[in-house]
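Scroll down for the structure; my scribbles are underneath it.
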Amino acid sequence: MPRKPAEAPDLIVAVIGAGAMGRGIAQVAATGGARILLHDTRAGAAREARDFIAGMLTRAAEKGRMTTAEAEAASARLTPVSDLSELAPADVVCEAIIEDMATKSALFAALEKVIAPEAILASNTSSLSITRLASACTHPERVAGFHFFNPVPLMPLVEVIAGIRTAPAVLDHLTTLGSRMGRTPVRVADAPGFLVNQVGRGYTIEATHLVAEGVAEFACVDRIMREAAGFRMGPFELLDLTALDVTHPATVEIYEQCFHEPRFRPATLMGQRMQAGLLGRKSGEGHYRYDKGQQITPPEAPMPGFKGGRFWIDQSLPDCAGQLAQIVTEAGGEIDSATDPGAESVILITPLGEDATSFAVAHGLDATRSVAVDPLFGFKGRRSLMGTPITRPDILTTAQAMLGHDGTPATVLRDSPGFVAQRILACIINIAAQVASRGVAAPADIDRAVTLGLNYPNGPLAWADALGAGRILAILEGLHRCTGDPRYRPDPWLRRRAQLGVSMLTEDTFPA
C-alpha cells in the first residue's frame with residue numbers, strides 16, 4: 001500500500017465533486033500527467049467540468065503557460081463518469097463535495113465497496129476531522145486529508161493531513177502526488193482547521209473583535225493592516241471576498257472542535273452580520289458596499305494641519321523614541337528633553353500591549369496630555385495613535401497633525417490595549433506558536449504554508465523574529481494583563497524562545 005508509485009505514468013486519480021474545487025484539483029492533476037476520472041451526483045456536471053477544464057487549458061496554452069500539445073494531452077486525460085462503480089480502477093480518490101461530515105462519511109463508505117483495498121481515500125475538507133472521517137471506514141489507515149486552496153490552479157499550497165491512523169506510506173504518496181500536481185505540499189497533523197485555517201483565524205477574528213469594541217471602523221482597520229503591516233488585503237476586504245456565510249461557520253466549527261479554546265472564540269459581530277445577509281461581494285454588501293463588483297470605500301477625513309507644538313517623548317523604547325524625535329524635528333516641532341514633561345508639552349508614549357491609560361498611570365504621566373503611538377513597525381508606514389479617555393482634544397489633534405506632517409497618514413483610535421496592528425499580529429503569531437507546540441506542523445512548514453496559503457507578507461514565526469519575539473511576548477502579556485481575556489495568554493512555546501533569545505523557527509532538541 002499504495003499499489004502504485006505516485007510518479008507512475010499510468011496513475012489514476014478520481015475526483016468526486018465537479019464544483020470549483022473539484023475542477024481545480026482535476027485540472028492540476030491532469031496537468032501533472034495523471035489520468036483523471038471525474039464524478040458528480042448531478043447529471044451532466046462531470047462533462048461540464050471536463051469541458052470547462054479543457055477551456056482553461058486551451059487559454060493557458062494561448063497565453064504561453066504551456067504548449068498546445070501539453071494542453072491537449074492534459075484534456076485527453078480527463079474522463080467523466082456517471083456512476084461510482086466506474087471509479088474502481090482509481091489509485092487515489094479525492095473528494096471535494098459539500099463540507100458535511102455525514103455526507104462525506106457516507107461517500108467513503110460507498111467508495112470502500114468499489115475501489116481496491118490499496119487505493120487511497122483523500123478528502124479536500126478545510127475544517128472537518130480526518131480522524132473522525134476515517135473512523136467510519138473499514139481501512140482508516142488509507143484515509144488522509146489533501147486540502148487545496150481556491151482557486152486551485154493559482155494557489156500553490158496543498159496540506160497533506162495525517163489522521164491518527166493514517167499510514168505513513170499514504171502521506172508519502174500524497175506528498176509526492178502534490179508535487180507532481182505542481183503544488184507545494186506541507187505535512188500537517190490532524191487538528192481543527194489544520195494549519196492555515198487555524199493561523200488565519202487570528203487575522204479576521206481579532207479584527208472583528210476590535211471593531212465590536214469600538215476601537216476603529218472596518219476601513220480604518222484595513223488601512224492600518226495594509227499600510228503599516230504590509231498585508232495585501234485588509235481583514236474586512238478579505239472577509240468580503242471569502243463571504244461571511246463561509247468564514248463564520250468555519251470559525252464556529254474550529255472553536256467547537258477545540259472545545260472552546262479562547263484563541264478561536266468567534267466574534268458575535270461576525271455572526272450578526274452574516275444573519276443580516278451582509279455576506280460580502282457576492283451579496284453586493286458586506287463590510288463595504290459594491291457597485292458592479294467595485295468596492296466603495298468610505299473616504300478618509302483629511303489630516304489636520306500642524307501649527308507647531310512641544311513634545312516630550314517616552315524613553316522606554318529608545319530606538320522608537322529616537323525615530324519619534326526625528327519625526328517631531330522634521331515637522332518643525334520642539335523637543336522637551338527634560339526628565340519630566342513640561343506643563344504644556346504633548347506627552348508621546350509607546351506602549352506594547354497596554355492602553356494609553358494604563359501606561360500613563362503606571363508611569364505617573366498626565367493622562368490629559370498623553371498620546372500613545374504604536375511603535376511596532378517603526379513609523380515608516382501608516383501611524384496609529386490614541387489618547388486616554390480624558391486626553392484633551394487639542395492635544396490629540398496636535399499629535400495627529402505632527403505625525404502626518406510628512407504626508408504619512410496617522411489614524412486616531414479609541415484607547416485600547418495593543419492598538420490594532422499589535423493585537424492582530426500578536427494573535428496570529430501566538431496561534432502559530434500553538435500550532436508548533438502541538439506538533440501540528442514543523443516551524444518552517446508553518447511559515448511556508450501561511451505565506452503560500454494566505455499570501456501574508458511574512459510567515460508568522462519569521463515575522464516574530466523580525467519584530468522581536470520579546471516584543472511580541474510583551475504585547476501578549478500586556479493584552480492579557482489589561483483585559484484578563486485568556487485568548488491573549490502567551491503560548492509557552494513562544495515564551496521559551498523569547499526568554500532564550502533564539503529564533504522562533506528553532507525546533508526543540510527533544511527527543512534527540
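Just so you know, these numbers come straight off a predicted model, no measurement behind them.
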*Return yes if some donor-acceptor pair links the side-chain N/O of S123 with the main-chain N/O of E95 below 3.5 Å, else return no.*
no

*Is the backbone of A410 close enough, under 3.5 Å, to the side chain of Q400 for a donor and an acceptor to pair up by distance?*
yes

*Should T398 and F306 count as side-chain neighbours, where that means a heavy-atom distance under 4.5 Å?*
yes

*Is there a donor-acceptor pair closer than 3.5 Å between any side-chain N or O of R383 and the backbone N or O of D374?*
no

*Salt bridge check: are K282 and D245 linked by an N-O gap of less than 4.0 Å?*
yes

*Say whether, by atom type as modelled, one donor and one acceptor occur between the side chain of E217 and the main chain of A219 under 3.5 angstrom.*
no

*Relative to each other, are the rings of F231 and Y456 parallel, tilted or perpendicular (30° and 60° limits)?*
perpendicular

*Is the number of heavy atoms from other residues, nucleotides or ligands under 6.0 Å of L241 CG greater than 12?*
yes

*asked:* I'd like to know if the side chain of R448 and the backbone of P185 have a donor-acceptor N/O pair within less than 3.5 Å.
replied: no

*On the 0 to 90° scale, with breaks at 30° and 60°, tag the H363-F359 ring pair as parallel, tilted or perpendicular.*
parallel

*Taking all non-hydrogen atoms of both residues, which atom of P457 and which atom of G230 are closest, and how far apart?*
CG-O, 3.4 Å

*asked:* The test is salt bridge (Lys or Arg N to Asp or Glu O under 4.0 Å); show your working for E261 and R489 and say whether it passes.
replied: CA-CA 11 Å; E261 161 58 57; R489 71 196 191 283; 2.9 Å; yes

*If every non-hydrogen atom of S370 is compared with every non-hydrogen atom of L365, which pair is closest and at what distance?*
OG-CB, 3.9 Å

*Who passes salt bridge (charged side-chain N to carboxylate O under 4.0 Å, His left out) against D491, sequence neighbours left out?*
R263, R438

*asked:* Using the rule given for side-chain contact (heavy atoms from CB on, under 4.5 Å), can you reason through I475 versus L479, listing the C-alpha separation, both sets of side-chain angles and the distance that settles it, and then say yes or no?
replied: CA-CA 6 Å; I475 291 168; L479 289 166; 3.8 Å; yes

*Would you check if the side chain of R265 reaches a backbone N or O of R487 as a donor-acceptor pair within less than 3.5 Å?*
no

*Spell out, as yes or no, whether a donor-acceptor pair under 3.5 Å connects the side chain of T388 to the backbone of I390.*
yes

*asked:* Looking at P249, is its backbone amide N or carbonyl O close enough to the side chain of E253 to form a donor-acceptor pair, meaning the two atoms are under 3.5 Å apart?
replied: no

*Contact check, side chains of T411 and R223, non-hydrogen atoms, under 4.5 Å*: no

*Within 45 degrees of the axis of the six-membered ring of W312 and under 6.0 Å from its centre: does R310 put its NZ or CZ there?*
no

*Apply side chain to side chain donor-acceptor pair (under 3.5 Å) to T175 and R187, showing your working.*
CA-CA 8 Å; T175 299; R187 300 276 277 264; 3.1 Å; yes

*Does E99 reach the main-chain N or O of T125 with its side chain, forming a donor-acceptor pair under 3.5 Å?*
no

*Side-chain donor-acceptor pair present, T408, D406, cut-off under 3.5 Å*: yes

*Looking at side-chain heavy atoms only, is the closest gap between R481 and Y488 below 4.5 Å?*
no

*Does T391 use its side chain to pair, donor to acceptor, with the backbone of A367 at less than 3.5 Å?*
yes

*Show the numbers, then the answer: is there a side chain to side chain donor-acceptor pair (under 3.5 Å) between D355 and T357?*
CA-CA 5 Å; D355 54 17; T357 298; 4.9 Å; no

_Under the criterion salt bridge (Lys or Arg N to Asp or Glu O under 4.0 Å), I'd like the reasoning laid out for R289 against D240: C-alpha separation, chi angles, the key distance, then a yes or no._
CA-CA 10 Å; R289 289 188 300 108; D240 276 3; over 6 Å; no

*Taking the side chain as C-beta and beyond, is there a heavy-atom pair between L454 and Y203 under 4.5 Å?*
no

*Taking all non-hydrogen atoms of both residues into account, name the closest pair between D465 and S503 and its distance.*
OD2-OG, 2.5 Å

*State, with a plain yes or no, whether a side-chain heavy atom of V160 is found less than 4.5 Å away from one of F146.*
yes

*Do F377 and L425 touch side chain to side chain, with heavy atoms closer than 4.5 Å?*
yes

_Using side-chain heavy atoms (C-beta onward) and a distance below 4.5 Å, is L210 in contact with I424?_
yes

*Does R414 have any salt bridge (charged side-chain N to carboxylate O under 4.0 Å, His left out) partners at least two apart in sequence or in another chain, and if so, which?*
none

*How are the rings of Y255 and H260 set to each other: parallel, tilted or perpendicular (split at 30° and 60°)?*
parallel

*Between the side chains of R201 and T251, does any donor sit under 3.5 Å from an acceptor?*
yes

_I'd like to know whether D485 forms a salt bridge (Lys or Arg N to Asp or Glu O under 4.0 Å) with R423, so could you lay out the CA-CA distance, the side-chain angles of the two residues, the decisive distance to 0.1 Å, and finally the verdict._
CA-CA 13 Å; D485 194 324; R423 278 178 63 168; over 6 Å; no

_By side chain to side chain contact (heavy atoms under 4.5 Å, CB included) - contacts of D394 (at least two apart)_ = R392

*F218 vs H287 aromatic rings, parallel, tilted or perpendicular, using cut-offs 30° and 60°?*
perpendicular

*Side-chain contact, heavy-atom cut-off 4.5 Å: F419 with L376?*
no

